[in-house]
Amino acid sequence: MRHQVCIIGGGPSGLLLSLLLRRAGIDAVVLEQRTRDYVLARIRAGVLEQGLCDLLRAAGVGKRLDAEGFVHDGTIIAAHGQKVHIDFRALTGKTVTIYGQTEVTRDLYDELDRTGAPIFHEAEEVALHDADGDAPHVTFRQHGRSHRIDCDYIAGCDGFHGISRRTIPETVRREYEHVYPFGWLGILSETRPLYRELVYAGHERGFALCSMRNAHLSRHYLQVPLTDKPQDWSDDSFWAELRRRLPPDLADTLVTGPSVEKSIAPLRSFISEPMSWGRLYLAGDAAHIVPPTGAKGLNLAASDVYYLSRALIARYTGDEGLLKSYSATALARVWKASRFSWSMTRMLHDFPAEGEFLQRMQRAEVDYLAGSKAAQTALAENYVGLPY
């Protein structure tokens, strides 16, 4: 087979890149290791920056987002005796939208199907060849048959455990990582959300987050030791602990119910440089991971896709400059967003091994945030998303 761009990974970043390229008349093919049903069953983030919402509209998949998404003008930071409302709209003129990653993926699939875009699911043994040469190609097996795709460029959108980043030689790439000494226990429940906006809670017992998927589906999280397992936590014990970590006035309004899904995710900050090698370009989790505290994972992938789609479209009109600068351009935003996620994590989580000094610094940080419009503006600017 021959395609102009071969995209490795059929998550939202790979699908969005494919759609944006097809809108510009560029022939792109997507290879995904899992089945479509598996991809659509993933429970992931649902806080979309305004930049991602605008990008989805530009790709022609904003109709359901605009009809069903919940626009949030702000968020609550409740920590160390303070409860601060960060008013995004008043401070920045921007908002975020609650719309599940599963729904984003479904919208992208529907539109790609409508346009006849080639997507290969259950693509196994994917291998990238001559990515640093003039004639890259990709081989894979599907349902027992071997395939080869010749292409001009390869886009690695296959996540942290994918083959794309590992194709870049260790002598070329440099990786930066910080692993946090805890995880997030999350449950999904068919209950009314705690509040009309997200609530971030910092407590001496640990962090908690009250989020939502829609008006009748809530997502809640607790900071837990990495040694914990989901089965260690009954629904009753989860709800009791969540109440302890919330301000009393909010805890009194918490609606509980049976969990629909329960899981524990470890937290890490990870960045790999460069994000390009020859004719291979990385995007999303293939190049970087952020702790979920700042809701940046999917949004960072989207900004990568914006930069990469723009660069590839320019290349096919004769301008290679944006492709050459893609890695540096994307990484500048990646590092800033990673700093924000790291700082939110440091401010709101319990780090027992670091002692009372850090606890007092966290208290001072939240106290400063409560009394400073400048500090609130800085948090809001980062939360709604830095400009592309």
Exercise. Is there a path from Tyr306 to Leu65 through hydrophobic residues (I, L, V, M, F, W, Y) whose side chains come within less than 4.5 Å of each other?
Worked result: yes

Exercise. Given side chains that start at C-beta, do those of Asn382 and Met344 come closer than 4.5 Å, heavy atoms only?
Worked result: no

Seminar exercise, completed: CD of Glu177 to OG of Ser272, rounded to nearest 0.5 Å, is 10.5 Å

Exercise. So, do Ser269 and Tyr176 sit near enough that their side-chain heavy atoms are less than 4.5 Å apart?
Worked result: no

Exercise. Which heavy atom of Leu280 sits nearest a heavy atom of Leu128, and at what distance?
Worked result: CD1-CD2, 3.9 Å

Exercise. Could you state the interatomic distance from OG1 (Thr191) to CG (Leu217), rounded to the nearest 0.5 Å?
Worked result: 7.5 Å

Exercise. Hey, are the side chains of Thr167 and Trp277 touching, using non-hydrogen atoms and a 4.5 Å cut-off?
Worked result: yes

Exercise. Under 6.0 Å from the CG atom of Asp249, do we count more than 12 heavy atoms belonging to anything else shown?
Worked result: yes

For this session: Report yes if the side chains of Val5 and Val29 come closer than 4.5 Å at any heavy-atom pair, otherwise no.
Result: no

Problem set entry | Side chain Gln142, main chain Glu122, donor-acceptor under 3.5 Å | no

Problem set entry | Ion pair check, Glu103 and Arg64, cut-off under 4.0 Å | yes

Exercise. How close do Ser341 and Val290 get, heavy atom to heavy atom, and via which atoms?
Worked result: OG-CB, 3.9 Å

Exercise. What's the shortest heavy-atom distance between Tyr383 and Ala295, and which atoms?
Worked result: OH-CB, 4.2 Å

Exercise. Going by distance alone, is a donor N or O of one side chain under 3.5 Å from an acceptor N or O of the other, for Ser234 and Ser237?
Worked result: yes

Problem set entry | NE2 (His216) with more than 12 external heavy atoms under 6.0 Å | no

Seminar exercise, completed: Nearest heavy-atom contact between Ser276 and Tyr281 is CB-CD2, 3.4 Å

Exercise. Is there side-chain contact between Asp350 and Glu204, with at least one heavy-atom pair below 4.5 Å?
Worked result: no

Exercise. Are Leu198 and Ile76 close enough that some pair of their side-chain heavy atoms sits under 4.5 Å apart?
Worked result: no

Exercise. Is Gln231 atom CD crowded by more than 12 heavy atoms from other residues, nucleotides or ligands, each under 6.0 Å away?
Worked result: yes

For this session: Please collect all side chain to side chain donor-acceptor pair (under 3.5 Å) contacts where either partner lies in residues 71-81, sequence neighbours excluded, each pair once.
Result: Asp73-Arg89

Exercise. What's the shortest heavy-atom distance between Phe88 and Ala380, and which atoms?
Worked result: CD2-CB, 3.9 Å

Exercise. Between Arg23 and Gly60, what is the shortest heavy-atom contact and its length?
Worked result: NH2-CA, 3.9 Å

Exercise. Would Trp184 end up clustered with Phe351 when hydrophobic side chains under 4.5 Å apart are linked, directly or stepwise?
Worked result: yes

Problem set entry | Separation between CG of Leu31 and CD1 of Ile163, rounded to the nearest 0.5 Å | 12.5 Å

Problem set entry | Main-chain N/O of Glu125 paired with Arg141 side-chain donor or acceptor, under 3.5 Å | no

Exercise. So do the side chains of Ile149 and His137 get within less than 4.5 Å of each other, counting heavy atoms only?
Worked result: no

For this session: Validate the cation-pi geometry between Arg315 and Tyr153: distance from NZ or CZ to the six-membered ring centre under 6.0 Å, angle to the ring axis within 45°.
Result: no

For this session: Give a yes or no on this: more than 12 heavy atoms of other residues, nucleotides or ligands lie within 6.0 Å of atom CE of Met1.
Result: yes

Exercise. Just by distance, with hydrogens left out, do Tyr99 and Asp107 show a side-chain donor and acceptor under 3.5 Å apart?
Worked result: yes

Exercise. Does NZ or CZ of Arg310 come closer than 6.0 Å to the centre of the six-membered ring of Tyr388, within 45° of the ring's axis?
Worked result: no

Exercise. Would you call Glu261 and Arg219 a salt bridge, taking side-chain N to carboxylate O under 4.0 Å as the test?
Worked result: yes

Problem set entry | Glu49 and Lys296 ion-paired at < 4.0 Å | yes

For this session: Would you mind listing every side chain to side chain donor-acceptor pair (under 3.5 Å) that reaches into residues 359-377, with sequence neighbours excluded?
Result: Gln82-Asp367

Exercise. Nearest 0.5 Å, what's the CG-SG distance between Leu48 and Cys53?
Worked result: 4.5 Å

Problem set entry | Six-ring centre of Phe207, Arg245 cation under 6.0 angstrom, axis tolerance 45° | no

Exercise. Is it true that a side-chain atom of Tyr221 and a backbone atom of Ser211 form a donor plus acceptor pair closer than 3.5 Å?
Worked result: no

Exercise. Linking I/L/V/M/F/W/Y whenever any side-chain heavy atoms sit under 4.5 Å apart, do Ile187 and Val47 land together?
Worked result: no

Exercise. Under a 4.0 Å N-O cut-off, is there an ion pair linking Lys229 with Asp232?
Worked result: no

Exercise. Would you call Arg333 and Asp304 a salt bridge, taking side-chain N to carboxylate O under 4.0 Å as the test?
Worked result: no

For this session: State plainly whether one hydrophobic cluster holds both Phe340 and Tyr200, where clusters connect Ile, Leu, Val, Met, Phe, Trp and Tyr through side-chain heavy atoms under 4.5 angstrom apart.
Result: yes

Problem set entry | Sidechain-backbone polar pair: Gln33 side chain, Ala123 backbone, donor-acceptor under 3.5 Å | no

Exercise. So, do Val224 and Phe182 sit near enough that their side-chain heavy atoms are less than 4.5 Å apart?
Worked result: no

Exercise. Is the gap between the ring centers of Trp239 and His220 under 6.0 Å?
Worked result: yes

Exercise. When you check the gap from the basic side-chain N to the acidic O, do Glu32 and Arg42 get nearer than 4.0 Å?
Worked result: yes

Problem set entry | His121/Tyr109 aromatic ring centres below 6.0 Å | yes

Problem set entry | Salt bridge flag under 4.0 Å for residues Arg243 and Glu241 | no

Exercise. Is the number of heavy atoms from other residues, nucleotides or ligands within 6.0 Å of CD (Glu354) greater than 12?
Worked result: yes

Exercise. Any side-chain donor paired with an acceptor under 3.5 Å for His3 and Asp152?
Worked result: no

Problem set entry | Side-chain donor-acceptor contact under 3.5 Å, His129 with Thr139 | yes

For this session: Following the transitive rule for hydrophobic clusters with a side-chain heavy-atom cut-off under 4.5 Å over Ile, Leu, Val, Met, Phe, Trp and Tyr, establish whether Val334 and Leu298 coincide in one cluster.
Result: yes

